[in-house]
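One-based numbering, in listed order, for ligands and for the atoms of each. The first residue in the sequence is number 1, and the count goes up from there.
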Amino acid sequence: MNGDTVDIDLARTWVQAIAAAVDKHKDHLTQLDSAIGDADHGTNMHRGFSAATTALADFAPDTVGAVLVKTGTTLISSVGGASGPLYGGAFRAMGKALDTPTTDTQRFAAALAAGLESIQKLGAAAPGDKTMIDAYAPALAAFQQQAGAGGDLAAAALAAADAAEDGMRATTPLQARKGRASYLGARSIGHQDPGATSTALVFRALAETVGAR
Ligand code: ADP
Ligand code: MG
């Protein structure tokens with residue numbers, strides 16, 4: 001396997017790394033959601049990704065995409081909040097774009113784009129609405145830029161993780177226009193978005209998984 005290959009094992013390890021990160025940051029995610037939502041984002045993410053790792057443990061996928069479709073389906077069926085269908089749909093869309101046992105950085109970039117498209121289709125949020133999209137969209141742009149410039153998977157994933165964290169921090173001064181936080185109107189200003197924060201964990205987990213092999 002060269003440094004540009006995504007295989008089934010890497011996909012599974014990525015999902016496990018997300019679960020570990022969510023476990024570690026569960027209270028923080030819930031705390032962020034208690035300020036501008038209903039204080040369940042940490043619990044939702046934890047329930048979903050724990051269920052996903054359990055589902056993957058006795059699953060024999062034959063493609064990279066099967067790992068991600070299974071993850072998405074499990075998130076949809078185990079998480080009640082808005083984030084379950086949004087992340088679940090994104091992982092399913094990514095998976096559907098990766099129907100081979102291995103894939104490269106360019107195709108992985110296209111799969112990440114399909115994931116964002118799914119979130120936007122379902123949630124109808126735009127950049128600047130103070131949602132997970134404000135971390136995802138810059139992460140995708142950074143990944144695509146690196147991949148397009150001939151960067152390998154590790155470089156692209158690292159750039160994406162950094163961009164996601166910048167995007168996450170940039171949600172603080174925004175007023176929410178989608179999801180529960182939008183009910184608060186101007187009172188949502190001054191708080192970091194929980195979903196953008198979990199999206200930053202998803203991309204950091206990818207960078208760490210790729211960097212560790
Ligand atoms: P709920 O809002 O149902 O309690 P969670 O607390 O698990 O669900 O997730 C909240 C996060 O979901 C928000 O911080 C935001 O990032 C994201 N979110 C909510 N609505 C949308 C939407 N329409 N599009 C994209 N992301 C959204
Ligand atoms: Mg919530």
Side-chain angles (χ1 to χ4, degrees), residues 15 18-53 68 71-94 111-141 143 160-161 163-206:
V15 176
I18 298 169
V22 162
D23 185 38
K24 191 168 159 201
H25 295 276
K26 184 178 158 205
D27 292 347
H28 182 227
L29 294 174
T30 286
Q31 190 192 319
L32 293 171
D33 197 33
S34 73
I36 56 169
D38 57 353
D40 64 356
H41 191 55
T43 317
N44 285 341
M45 293 296 288
H46 188 256
R47 186 186 308 115
F49 279 94
S50 300
T53 43
L68 302 179
T71 298
T73 305
T74 308
L75 292 176
I76 291 169
S77 63
S78 62
V79 180
S83 59
L86 289 166
Y87 276 121
F91 275 89
R92 283 180 55 83
M94 278 186 240
L112 289 173
L116 178 61
E117 200 181 303
S118 163
I119 293 172
Q120 292 194 287
K121 215 178 221 170
L122 182 63
D129 284 351
K130 197 181 181 100
T131 69
M132 55 178 72
I133 285 173
D134 292 317
Y136 200 131
L140 172 63
F143 192 102
E165 285 164 11
D166 288 346
M168 165 195 91
R169 282 188 283 272
T171 61
T172 301
L174 299 175
Q175 176 169 334
R177 286 192 289 252
K178 280 283 182 286
R180 278 179 197 281
S182 67
Y183 308 159
L184 293 179
R187 280 183 292 136
S188 63
I189 294 171
H191 302 279
Q192 187 172 299
D193 181 62
T197 308
S198 56
T199 293
L201 294 178
V202 168
F203 280 97
R204 183 57 64 192
L206 179 64

Within 4.0 Å of some non-hydrogen atom of D33, the atoms of ligand 1 are 6 (O)
Any heavy-atom pair between the side chains of K26 and M45 that's under 4.5 Å? no
Residue, atom and distance of the protein heavy atom nearest atom 19 (C) of ligand 1 read G179 CA, 3.9 Å
**Prompt:** Would S198 and H41 satisfy side-chain hydrogen bond (donor to acceptor under 3.5 Å, both in side chains), going step by step from the backbone distance to the final call?
**Reply:** CA-CA 9 Å; S198 56; H41 191 55; 2.8 Å; yes
Under 4.0 Å from one or more heavy atoms of G81, ligand 1 contributes atoms 3 (O), 8 (O)
When distances are taken from atom 21 (C) of ligand 1, the protein heavy atom at minimum range is L86 CD1, 3.6 Å
Here the pair of heavy atoms bringing G48 nearest to S78 is CA-OG, 3.5 Å
heavy-atom search around atom 17 (C) of ligand 1 in the protein gives M132 CE, 3.8 Å
Shortest non-hydrogen pair, K130 vs S188, comes out as NZ-O, 3.0 Å
Atom 5 (P) of ligand 1 has as its nearest protein heavy atom H41 ND1, 3.4 Å
Discussion item. Evaluate K130 for polar contact with ligand 1, using N/O atom pairs at a separation under 3.5 Å.
Written reply: no
Do V202 and Y87 have side chains that approach each other closer than 4.5 Å (heavy atoms only, starting at C-beta)? yes
Answer key: the N, O or S atom of D33 nearest to the Mg ion (ligand 2) is OD2
Side chain of D129, backbone of T131: donor and acceptor closer than 3.5 Å? no
task = Report yes or no: does S34 contribute a side-chain atom to a donor-acceptor pair with the main-chain N or O of Q31 at less than 3.5 Å?
result = yes
Atom 23 (N) of ligand 1 sits nearest the protein heavy atom G123 O, 2.9 Å
Closest to the Mg ion (ligand 2), among the N/O/S atoms of D38, is atom OD1
For D40, the atoms of ligand 1 under 4.0 Å from one of its heavy atoms are 4 (O), 5 (P), 6 (O)
Ranked by distance from atom 24 (N) of ligand 1, the top protein heavy atom is A125 CB, 3.5 Å
Taking the six-membered ring for Trp, are F91 and F49 parallel (under 30°), tilted (30 to 60°) or perpendicular (over 60°)? perpendicular
Closest heavy-atom pair, A163 versus P138, reported as atoms and distance to 0.1 Å, is CB-O, 3.5 Å
Among non-hydrogen protein atoms, atom 3 (O) of ligand 1 lies closest to A82 N, 2.8 Å
min-distance protein heavy atom vs atom 7 (O) of ligand 1 -> S83 OG, 2.6 Å
Numbered in order shown, the ligand 1 atoms found under 4.0 Å of a heavy atom of G195 are 13 (C), 14 (O), 16 (O)
Practice prompt. Please examine the side chains of P194 and I36, heavy atoms only from C-beta on, and report whether any two atoms are closer than 4.5 Å.
Written response: yes
Considering only heavy atoms from C-beta outward, does the side chain of L174 approach that of D134 to under 4.5 Å?
yes
Logged contact type for T131 with ligand 1, heavy-atom cut-off 4.0 Å, is both
| request: With the side chain counted from C-beta on, respond yes when I18 and L201 share a heavy-atom pair under 4.5 Å apart, and no when they do not. | output: no
So for R180 against ligand 1, with non-hydrogen atoms under 4.0 Å, the contacting part is side chain
Filtering D129, D193, D38 for the heavy atom nearest atom 15 (C) of ligand 1 leaves D193
Honestly, for I36 the part within reach of ligand 1 (heavy atoms, under 4.0 Å) is neither
Restricting D40 to its N/O/S atoms, the closest one to the Mg ion (ligand 2) is OD1
